[in-house]
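Letters A, B, ... mirror the listed sequences (proteins, then strands); counts begin at 1.
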Number of protein chains: 2
Amino acid sequence: MPPKLRDVAERAGVSVKTVSNVVNGYVHVKDATRDRVQRAIDELGYRPNLTARSLRSGRSGVLALAVPELDVPYFAELARLVVETAADRGYTVVIDQTGGGREQEMVVLKGIRSHFVDGVLFSPLALSAADLRARTDRAPLVLLGERAPRGPDDHVGIDNVRAARDATEHLVAIGCRRIAAIGAQTGGPGATARQRLSGYRASLTEAGLPYDPDLVVPARSFHRADGFAAMAALLALPDPPDGVFCFNDPLALGALRCLATRGIRVPQDVAVVGFDDAEDGRYSTPSLSTIAPDKPTIATTAVDFLLARIDGTAPTGPRRTTAPHTLVPRESTDR
Amino acid sequence: MPPKLRDVAERAGVSVKTVSNVVNGYVHVKDATRDRVQRAIDELGYRPNLTARSLRSGRSGVLALAVPELDVPYFAELARLVVETAADRGYTVVIDQTGGGREQEMVVLKGIRSHFVDGVLFSPLALSAADLRARTDRAPLVLLGERAPRGPDDHVGIDNVRAARDATEHLVAIGCRRIAAIGAQTGGPGATARQRLSGYRASLTEAGLPYDPDLVVPARSFHRADGFAAMAALLALPDPPDGVFCFNDPLALGALRCLATRGIRVPQDVAVVGFDDAEDGRYSTPSLSTIAPDKPTIATTAVDFLLARIDGTAPTGPRRTTAPHTLVPRESTDR
DNA sequence: CTGAAAGCGCTTACAG
DNA sequence: CTGAAAGCGCTTACAG
């Protein structure tokens with residue numbers, strides 16, 4: 001049996017309350033008492049039982065982070081940053097992989113684990129605004145990624161429409177005239193993809209370029225294999241594109257690979273822009289131009305929003321932050 | 001206040017014990033009683049308080065996975081597989097990032113959170129065998145990755161020496177005669193790097209090739225940037241290599257990028273092999289030959305070892321498994 | 001098959 | 001500044 005508060009109290013000759021005060025850094029303890037208690041703690045190797053503390057105090061010191069997939073670079077980086085930020089604030093993070101499906105995401109929303117965590121950071125892919133509004137679980141929640149219009153929850157994201165315009169405008173600026181988009185998701189929610197698509201269209205309009213539905217290729221998921229397949233479909237067109245905007249970096253890296261296998265030169269024949277600024281794209285050949293969301297800001301803001309909800313120091317209404325993004329031009333559009 | 005067992009019991013007109021029996025799927029409950037209880041649960045929206053359950057039962061249903069970094073592809077994939085496997089078995093996973101430093105790893109070893117998790121899956125980078133043996137925390141532990149010779153703990157890994165030989169032999173087989181190694185870590189523990197280095201040397205000896213210390217480049221960490229820098233150093237040699245074995249895929253992708261920027265052809269001028277079979281290497285240009293550890297087997301075995309320890313169904317002594325690996329030849333050695 | 005009661009290890013008013 | 005006691009919401013022998 002590991003030692004408990006009571007054992008420490010007996011050894012130090014004080015009450016459990018005093019030990020508890022020492023353990024929790026309560027200030028009004030005489031130095032002599034504190035020393036005596038601390039010595040007993042050290043001698044016994046006492047460590048507080050976090051479960052009991054949590055049951056009694058109603059706080060676990062654990063946050064949940066729910067993301068679609070850990071091995072999509074963007075989510076892996078986000079997870080790292082969230083875990084680091086939370087650790088700075090004295091919190092542990094439980095990671096939940098939803099797979100991006102609605103069913104799994106509803107499980108998160110219903111708070112199956114909410115008795116156990118103090119709050120939830122959630123990056124949903126398939127949920128609708130109605131799903132979010134219908135939530136009954138009362139654990140504090142902060143949404144990442146998609147913009148939930150008029151949703152009831154705190155939210156941290158970027159301006160996807162603006163970012164997609166920036167990416168497309170960049171292709172226009174270097175002389176592309178037939179610009180394709182890879183990653184559209186029309187059926188279902190997929191707010192992110194929809195916003196990026198609408199930014200793409202806005203940019204075409206602005207540039208006086210026609211919108212050609214043939215150049216918009218949907219993707220089931222956002223992996224390299226999907227980007228490869230989409231690029232292959234575009235190349236099979238009678239009039240293939242001279243520029244491609246991919247809705248994330250893995251799609252773009254898959255597209256690059258497809259172009260390489262066909263012997264098509266990037267950026268001379270086809271220019272490519274991705275989205276997310278994954279480390280991969282900095283070392284690919286050619287290196288990948290991309291939209292870089294400010295991930296540290298996203299992670300820090302989200303964690304701090306959540307902790308403020310948990311502490312009750314947050315304002316009543318939902319808080320929303322749009323983190324900045326930047327276009328990072330690299331070789332894949334260098335012409 | 002969320003409803004508790006007692007509220008459900010009152011509503012259903014039974015004792016809390018009976019509700020508990022229903023909630024926990026205990027079989028000897030009359031169907032009529034079960035239905036009545038279930039209805040009360042549904043009406044109240046009752047969900048068990050996991051913290052209380054855990055305090056009472058001594059089980060939390062939570063496993064910890066401690067890895068150096070989530071955004072190293074190998075660990076991200078491993079994390080995904082571990083989380084999936086654990087979920088299958090009814091467990092949640094807390095992820096701990098150690099950064100790979102000894103201090104942080106000692107924190108894991110000391111079990112700061114062990115009151116809170118049922119067991120720990122740990123992939124250490126900096127710990128020595130002595131550190132491991134000195135551990136006093138009694139939470140079940142399964143080690144991943146390094147081989148801890150005669151350690152007291154369960155362990156799941158691959159044969160790093162053999163795998164490194166396979167990689168190097170492959171380079172020999174395609175005609176390389178000056179083969180470099182990137183990723184050596186001489187000072188400190190770094191068992192993995194040491195094993196891969198020793199496999200590399202064994203293979204050279206076997207092939208009758210001289211060992212040239214100039215061709216062995218250390219790497220502080222195992223990221224693309226390190227691979228890039230190491231390759232640059234190799235190219236500055238008076239007699240640069242014609243083949244490179246990198247101790248992981250990010251190192252190899254960094255090396256590829258360096259070669260591309262110098263206009264050196266891969267595999268014609270320099271052939272490159274990596275290690276881990278990250279998805280990145282399947283879509284790089286050229287695609288990356290690599291050693292593919294059987295990651296699903298590693299994750300499944302590790303989780304099952306741990307659960308057996310937790311259940312007490314494991315044998316007394318340490319269990320060790322060496323998961324298979326395969327060499328995957330791709331364009332970077334296709335000549 | 002079901003009930004009454006103790007207790008997991010803490011924290012927190014309440015006293016003093 | 002410190003102590004005695006209640007209670008967080010469960011599970012689990014112990015009875016019946």
Side-chain angles (χ1 to χ4, degrees), chain A residues 1-38 40-41 44-62 90 111-118 138-139, chain B residues 1-38 40-41 44-62 90 111-118 138-139:
Chain A
M1 289 301 294
K4 46 194 78 160
L5 216 47
R6 184 207 189 101
D7 300 323
V8 177
E10 276 171 17
R11 185 172 191 111
V14 299
S15 77
V16 294
K17 172 65 159 77
T18 303
V19 180
S20 176
N21 283 344
V22 172
V23 169
N24 294 294
Y26 187 61
V27 281
H28 296 302
V29 180
K30 245 193 300 194
D31 279 355
T33 312
R34 181 188 306 285
D35 290 349
R36 201 140 40 88
V37 170
Q38 191 56 55
I41 288 175
L44 257 30
Y46 169 79
R47 287 199 321 266
N49 180 319
L50 269 25
T51 303
R53 175 181 287 176
S54 159
L55 175 60
R56 182 57 237 231
S57 67
R59 296 281 178 82
S60 63
V62 178
I112 299 305
R113 292 196 239 288
S114 69
H115 265 310
F116 162 68
V117 298
D118 294 341
R138 72 251 104 216
Chain B
M1 290 300 295
K4 46 194 79 159
L5 216 48
R6 183 206 189 101
D7 301 323
V8 176
E10 275 172 17
R11 183 170 192 112
V14 299
S15 77
V16 293
K17 171 65 157 81
T18 302
V19 180
S20 177
N21 283 342
V22 172
V23 170
N24 294 296
Y26 187 60
V27 281
H28 296 301
V29 180
K30 247 193 300 191
D31 279 355
T33 311
R34 181 187 306 283
D35 290 350
R36 201 140 40 86
V37 170
Q38 191 55 55
I41 289 175
L44 257 28
Y46 169 78
R47 289 199 319 267
N49 180 320
L50 268 26
T51 304
R53 175 181 287 176
S54 161
L55 175 59
R56 183 56 238 231
S57 68
R59 296 279 179 84
S60 64
V62 179
I112 299 306
R113 294 195 237 291
S114 68
H115 266 307
F116 162 69
V117 299
D118 293 342
R138 72 250 104 216

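Although no hydrogens or angles enter the test, the distance criterion places no donor-acceptor pair under 3.5 Å between the side chain of B:S20 and the main chain of B:V16.
Distances shown here put a side-chain N or O of A:S20 below 4.0 Å from the OP1 or OP2 atom of C:dT11. Dashed line: the shortest gap from a side-chain N or O of A:T33 to OP1 or OP2 of D:dT2 is under 4.0 Å. Dashed line: the shortest gap from a side-chain N or O of A:T18 to OP1 or OP2 of D:dT2 is not under 4.0 Å.
Between the C1' atom of C:dT11 and the CZ atom of A:R56 lies a distance of 5 Å, rounded to the nearest Å. Counting to the nearest Å, the C1' atom of D:dC8 and the CG atom of A:N49 are 13 Å from each other. The OH-C1' distance, from B:Y46 to D:dG9, rounds to 8 Å in whole Å. As a whole-Å value, the separation of B:E10 CD from D:dG9 P is 13 Å. If you measure from atom CG of B:N24 to atom C1' of C:dC1, you get 16 Å, rounded to the nearest angstrom. Spacing between atom CZ of B:R53 and atom C1' of D:dC8 amounts to 16 Å, rounded to whole angstrom units. The distance between atom CZ of A:R36 and atom C1' of D:dG3, rounded to the nearest whole Å, is 14 Å. Distance A:K30 NZ to D:dC1 P: 8 Å, rounded to the nearest Å.
As the counterpart of C:dG16, D:dC1 is assigned, both hydrogen-bonding distances of the Watson-Crick or G-U wobble pattern falling under 3.5 Å.
Comparing A:R6 and B:V16 by the nucleotide of DNA chain C that holds the closest heavy atom to each, the one mapping nearer the 5' end is B:V16.
Out of D:dG9, D:dA4, C:dC10, the shortest distance to the side chain of A:S15 is found at D:dA4. In the set C:dC10, D:dC10, D:dG9, C:dC10 carries the atom at the smallest distance from any side-chain atom of A:L5.
Of the inter-residue distances, the one linking A:T18 atom OG1 with A:R36 atom CZ reads 9.0 Å to the nearest 0.5 angstrom.
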**Message:** Test side chain to side chain contact (heavy atoms under 4.5 Å, CB included) on B:N49 and B:K4; report intermediate values, then the result.
**Reply:** CA-CA 8 Å; B:N49 180 320; B:K4 46 194 79 159; over 6 Å; no

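At a threshold of 4.0 angstrom between heavy atoms, the contacts of B:K17 include nucleobase atoms, whether or not backbone atoms are also involved.
None of B:V22, B:V29, B:V23, B:N21 except one satisfies the side-chain contact (heavy atoms from CB on, under 4.5 Å) rule with B:V37; the exception is B:V22.
Residues B:R11 and B:L44 approach most closely at NH1-CD1, 3.4 Å, considering heavy atoms.
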